[in-house]
Amino acid sequence: MTLSPATGPLLYEGKAKRVYATDQDDLVAVEYKDDATAFNALKKAQLLGKGALNCRISALLFEHLERLGVPTHYLGLQGDHWMMVRPVRVVPVEVVVRNVAAGSLCRQMPIPAGTPLDPPLLDLYYKDDALGDPLLSEARLERLQLLTPDQLGAIRELAFRVNDALRDLFARVELELVDFKIELGFTADGALVVADEISPDTCRLWNRAVSDAQERILDKDRFRQDLGGVVEAYGEVLKRVQGVCPEARVYG
Ligand code: TMP
């Protein structure tokens, strides 16, 4: 069990993480929980080890993005399920990039699952659990005045840069990046950075060597679809990513 690096109060508790203050204004501690939820928390479970796996996978992916010049909130790991990050004002928009049709896209549109999407599709959702994270249109986004046109342009560009970086990295370890969700935030100095987490909870990843539509799934769809082997699948993702990334740094 790791000693908690949180030296201040709980600032925010989400479905999979807790964010704590520290004794420094420019530093917060993020605890990755073993809780798994799906369908806006209608389905819940505790998956032992998931938090530590997602923490480590996110760290490796944030560091990979950083090496490619994509700014993130990440500073370093602290024990097995804690990460130190810069505090950000989170933009209440979930940014989804889709390379292959799956999930809600196939439920809402006449696009068969597995259809390659070239160019990739960018979908923005309004981050509000009570409203069920509804799909945004540009007009709705403008009406809500959440972002300036320049900020929206910067988010689009960042989302596609993240997609290029992650798709290439996963391809090197025989994983197909089907789609993913990222969250973005503004730091105290106004920089737009990738925040939250990037893990099998927030990405769809298929094992390229396997053709069976269920067996190939190595992400949270195993939990959503009751396929079992969730933690084992996340472990496989970590093992592969570790094979092509330097060890994640420890904060401090
Ligand atoms: P979707 O197909 O359900 O819209 O999901 C698209 C991607 O976003 C998929 O990789 C899973 C991820 N996602 C989250 O990270 N959080 C969520 O709440 C939802 C609905 C999806």
Side-chain angles (χ1 to χ4, degrees), residues 12-17 30 32-33 35-45 47 50-51 53-55 57-58 61-62 65 72-73 90-117 119-137 140 155-156 158-160 162-167 169-171 175-185 194-208 213-214 216-227 230 233-234 237 241:
Y12 171 81
E13 176 154 12
K15 291 186 281 250
K17 294 182 297 297
V30 180
Y32 282 68
K33 302 192 282 185
D35 299 2
T37 68
F39 315 117
N40 205 6
L42 284 176
K43 181 177 171 136
K44 290 184 198 168
L47 299 174
K50 181 183 82 90
L53 287 165
N54 279 351
C55 184
I57 293 167
S58 290
L61 298 178
F62 282 136
L65 290 177
T72 80
H73 69 157
V90 175
V91 177
V93 172
E94 300 202 336
V95 179
V96 171
V97 181
R98 303 176 188 274
N99 296 303
V100 177
S104 69
L105 179 67
C106 302
R107 290 196 299 275
Q108 295 166 357
M109 295 289 146
I111 304 176
T115 307
L117 303 168
L121 194 66
L122 180 82
D123 281 333
L124 303 179
Y125 298 85
Y126 182 49
K127 188 174 158 61
D128 186 321
D129 281 344
L131 296 175
D133 297 341
L135 181 65
L136 281 163
S137 62
R140 288 184 184 189
I155 284 179
R156 275 216 180 90
L158 208 53
F160 287 122
V162 170
N163 187 44
D164 289 345
L166 295 184
R167 205 173 39 175
L169 181 78
F170 285 127
L175 293 174
E176 172 138 38
L177 179 60
V178 173
D179 57 30
F180 65 90
K181 183 263 302 183
I182 49 172
E183 296 187 22
L184 300 155
V194 181
D196 193 50
E197 69 176 286
I198 310 177
S199 73
D201 267 11
T202 61
C203 300
R204 284 197 172 89
L205 294 164
W206 292 349
N207 188 348
R208 283 183 157 182
Q214 293 190 332
R216 68 184 173 191
I217 296 172
L218 293 177
D219 57 67
K220 194 166 147 187
D221 272 349
R222 298 205 71 83
F223 174 67
R224 296 190 188 97
Q225 298 174 29
D226 288 320
L227 300 177
V230 183
Y234 287 30
V237 171
V241 173

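Keep in mind that the numbers below use all heavy atoms, side chains included, and drop hydrogens, waters and symmetry copies. The chain is numbered in sequence order, starting from 1. Each ligand, and each atom within it, is numbered from 1 in the order the structure gives.
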Exceeds 12 heavy-atom contacts within 6.0 angstrom, atom NZ of Lys15: yes
Is atom 19 (C) of ligand 1 near the protein, in the sense that some protein heavy atom lies at less than 4.0 Å from it? no
Ser104 heavy atoms, cut-off 4.0 Å: which ligand 1 atoms fall inside? 1 (P), 2 (O), 3 (O), 4 (O)
Show your working on salt bridge (charged side-chain N to carboxylate O under 4.0 Å, His left out) between Arg222 and Asp219 and close with a plain yes or no. CA-CA 6 Å; Arg222 298 205 71 83; Asp219 57 67; over 6 Å; no
Would you say Asp179 and ligand 1 have an N/O pair spaced under 3.5 Å apart? yes
Can you tell me if Asp219 contacts ligand 1 (heavy atom of the residue under 4.0 Å from the ligand)? no
Give the C-alpha distance, both sets of side-chain angles, the deciding distance and a yes or no for side chain to side chain contact (heavy atoms under 4.5 Å, CB included) between Ser199 and Tyr32. CA-CA 11 Å; Ser199 73; Tyr32 282 68; 5.8 Å; no
Ligand 1 atoms in contact with Asp201 (distance to a heavy atom under 4.0 Å): 15 (O)
For atom 13 (N) of ligand 1, what's the nearest protein heavy-atom neighbour? Residue, atom name and distance, please. Lys181 CB, 4.0 Å
Derivation of the side chain to side chain contact (heavy atoms under 4.5 Å, CB included) call for Leu105 and Leu117: CA-CA 11 Å; Leu105 179 67; Leu117 303 168; 3.8 Å; yes
With heavy atoms only and a cut-off of under 4.0 Å, state how Lys220 meets ligand 1: side chain, backbone, both or neither. neither
For Thr115 and Pro112, which heavy atoms make the closest approach, and how far apart are they? OG1-O, 2.6 Å
Give me the nearest non-hydrogen protein atom to atom 5 (O) of ligand 1 as residue plus atom name, then the distance to 0.1 Å. Arg204 NH1, 3.5 Å
At under 4.0 Å between heavy atoms, what of Gln108 touches ligand 1? The answer is neither
Flag the pair Asn99 / Glu176 as yes when at least one side-chain heavy-atom distance between them is below 4.5 Å, and no otherwise. no
Evaluate side chain to side chain contact (heavy atoms under 4.5 Å, CB included) for Val30 paired with Asp196, printing each intermediate quantity in order. CA-CA 9 Å; Val30 180; Asp196 193 50; over 6 Å; no
Does only the side chain of Asp123 get under 4.0 Å from ligand 1, or the backbone, or both, or neither? Count heavy atoms. neither
Give me the residue, atom name and distance of the protein heavy atom closest to atom 21 (C) of ligand 1. Arg224 NH2, 4.3 Å
Neighbour count above 12 (heavy atom, 6.0 Å) for Arg140 CZ: no
Are Lys50 and Tyr234 in a cation-pi contact, defined as NZ or CZ under 6.0 Å from the six-membered ring centre and within 45° of the axis? no
I'd like to check which ligand 1 atoms, numbered from 1 as shown, lie under 4.0 Å from a non-hydrogen atom of Phe180. 10 (O)
Scan side-chain atoms only and decide if Asn40 and Asp133 contain a donor-acceptor pair under the 3.5 Å cut-off. no
What atoms of ligand 1 come within less than 4.0 Å of a heavy atom belonging to Gly103? 2 (O)
Counting each atom of ligand 1 from 1 as listed, which ones have a heavy atom of Thr202 under 4.0 Å away? 10 (O), 12 (C), 15 (O)
Which protein heavy atom lies closest to atom 17 (C) of ligand 1, and at what distance to 0.1 Å? Glu94 OE1, 4.2 Å
